[in-house]
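Computed from heavy atoms alone, side chains included, the values below leave out hydrogens, waters and symmetry copies. Sequence lines set the chain letters: A, B, ... in the order given, protein chains first and strands last, and positions in each chain run from 1.
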Number of protein chains: 2
Amino acid sequence: MVSQRSELKAEVVALKRKRIVNAARRLFYEKGYERSTLDDIAERLQVTKPFIYSYYKNKNELLHEIAQQCIDECLQAQSRILSSKLSTAEKLARIVAEVSQIIIDNQANTIIYLREEMNLDWHVAQKIREQRNEFDHRNMKLLRDGARSGALKVVDERVTARCIGGILVWCALWYRDLGVLSPAAIAQLISENVMSMVGWRKNKPISSNHRGAKNTKPG
Amino acid sequence: MVSQRSELKAEVVALKRKRIVNAARRLFYEKGYERSTLDDIAERLQVTKPFIYSYYKNKNELLHEIAQQCIDECLQAQSRILSSKLSTAEKLARIVAEVSQIIIDNQANTIIYLREEMNLDWHVAQKIREQRNEFDHRNMKLLRDGARSGALKVVDERVTARCIGGILVWCALWYRDLGVLSPAAIAQLISENVMSMVGWRKNKPISSNHRGAKNTKPG
């Protein structure tokens with residue numbers, strides 16, 4: 001009984017934190033970080049500022065959480081796919097499709113991170129840079145393995161991995177311009193472009209993106 | 001004689017404006033736009049603030065010029081190449097190689113634009129967005145032409161053009177991590193990756209980048 005009660009309490013805390021972060025994200029996205037205040041966030045949520053202080057130390061802590069969210073999710077998806085039994089080519093195709101979808105789902109987080117990196121504490125900015133590098137380096141290794149086995153044709157694994165990184169992050173900025181296509185369809189087409197870049201052309205669909213059915217969250 | 005004198009005068013004005021923009025760019029890049037003042041710029045140049053005011057109305061006008069520079073150069077290069085007698089595939093290869101080099105040369109401009117878009121006047125931000133769209137749409141047309149003639153294999157011209165855009169802009173953020181490669185070599189490898197994405201593999205070098213010999217300006 002006690003355990004159930006403490007579980008419920010943890011869920012309530014998580015829910016409240018999520019609501020606060022969502023409000024902060026919308027404000028930072030619309031007005032910019034520097035122009036948004038904790039008062040604005042409290043007003044939007046119709047709560048008091050002390051309520052926010054009981055979950056977040058300050059505005060900067062909210063920015064940290066927002067900047068961190070997307071890269072954390074991308075690395076988790078990449079790890080999961082890398083440890084699967086798929087072939088090298090299938091791993092790459094699926095990483096690109098899933099991470100495109102994550103970046104579209106996290107569109108506002110990605111744009112806030114690109115804009116506000118200078119407003120992050122040095123150690124947070126550094127950690128995220130290292131995570132971005134880690135993402136690229138794992139893809140480099142995958143490209144190298146694929147090139148060695150002959151499954152992929154890679155121009156230069158270092159540059160190709162960075163090109164993939166650019167394709168992925170940039171979709172946060174343009175996916176809405178292709179409003180006729182669903183995020184899942186865009187993610188699939190991005191994956192096909194990347195697979196074409198590494199010389200992998202098959203007639204069968206490149207990746208069955210099991211996140212495909214999920215709709216994107218509003219920015 | 002009068003004409004020579006007025007020509008000299010125009011050159012001096014251009015030189016002074018360039019020095020002011022360079023100082024502003026360094027400051028905006030290092031400290032961020034909001035934290036930089038015209039006093040900082042004057043101090044760095046060892047001039048007075050009225051000196052700056054005789055060339056620029058305010059700090060925002062400097063930001064506009066910086067944000068505008070890179071996309072202007074990219075569109076000019078693209079126009080020139082599109083109106084050349086090269087084949088469709090060669091045009092695309094050269095656009096990607098030259099524009100990569102321009103983005104590397106304009107690294108700080110690109111990063112300042114990505115960070116500070118919200119600090120641009122609405123009509124300036126809108127103009128630059130339209131120019132970015134124009135760049136992508138011209139590439140879409142090129143991809144469509146190439147696909148129709150059978151020279152290129154294009155997954156989806158709309159998505160492929162946006163992927164190319166992402167590859168190009170993102171190189172501003174990573175090219176220094178590949179310090180062993182010159183900007184010209186990086187530009188060439190990026191071009192080869194894009195040409196591979198559109199199914200164009202030849203043994204001969206894809207593009208003789210005639211900007212190749214030029215070194216990159218410091219950020």
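- For D177(A), the part sitting under 4.5 Å from any heavy atom of chain B is the side chain, from C-beta outward, and nothing else.
- Under the side-chain contact (heavy atoms from CB on, under 4.5 Å) rule, Y113(B) has a single partner from Q68(B), Q69(B), R132(B), which is R132(B).
- Within the 4.5 angstrom heavy-atom criterion, only backbone atoms of V198(A) (N, CA, C, O) approach chain B.
- In the model, R19(B) has no side-chain atom that pairs as donor or acceptor with a side-chain atom of N22(B) under 3.5 Å.
- The only member of K18(A), R25(A), K57(A), R17(A) that meets salt bridge (charged side-chain N to carboxylate O under 4.0 Å, His left out) when paired with E65(A) is R17(A).
- Here V159(A) is the residue among V159(A), D156(A), L173(A) with the most heavy-atom pairs under 4.5 Å with chain B.
- With chain A as partner, the option from E117(B), K31(B), R158(B), E116(B) having the largest number of non-hydrogen pairs under 4.5 angstrom is R158(B).
- Residue V169(B) touches chain A through its side chain alone, counting heavy-atom pairs closer than 4.5 Å.
- Using a 4.5 Å cut-off between heavy atoms, L178(B) contacts chain A through its side chain alone, with no backbone atom that close.
- Ion pairing between R44(A) and D40(A) fails under the 4.0 Å rule for side-chain N and carboxylate O.
- The nearest pair of heavy atoms linking W200(A) to A151(A) is CD1-O, 3.3 Å.
- Both the backbone and the side chain of K153(B) come within contact range of chain A, judged by heavy atoms closer than 4.5 Å.
- Ranked by heavy-atom pairs under 4.5 Å with chain A, the first of C171(B), G165(B), G166(B) is G166(B).
- With respect to Q126(A), the side-chain hydrogen bond (donor to acceptor under 3.5 Å, both in side chains) criterion is satisfied by exactly one of H123(A), R129(A), E130(A): E130(A).
- If you run side-chain contact (heavy atoms from CB on, under 4.5 Å) between T160(A) and each of L143(A), V194(A), D136(A), only L143(A) comes through.
- Proximity to chain A is absent for every atom of I111(B), based on heavy atoms less than 4.5 angstrom apart.
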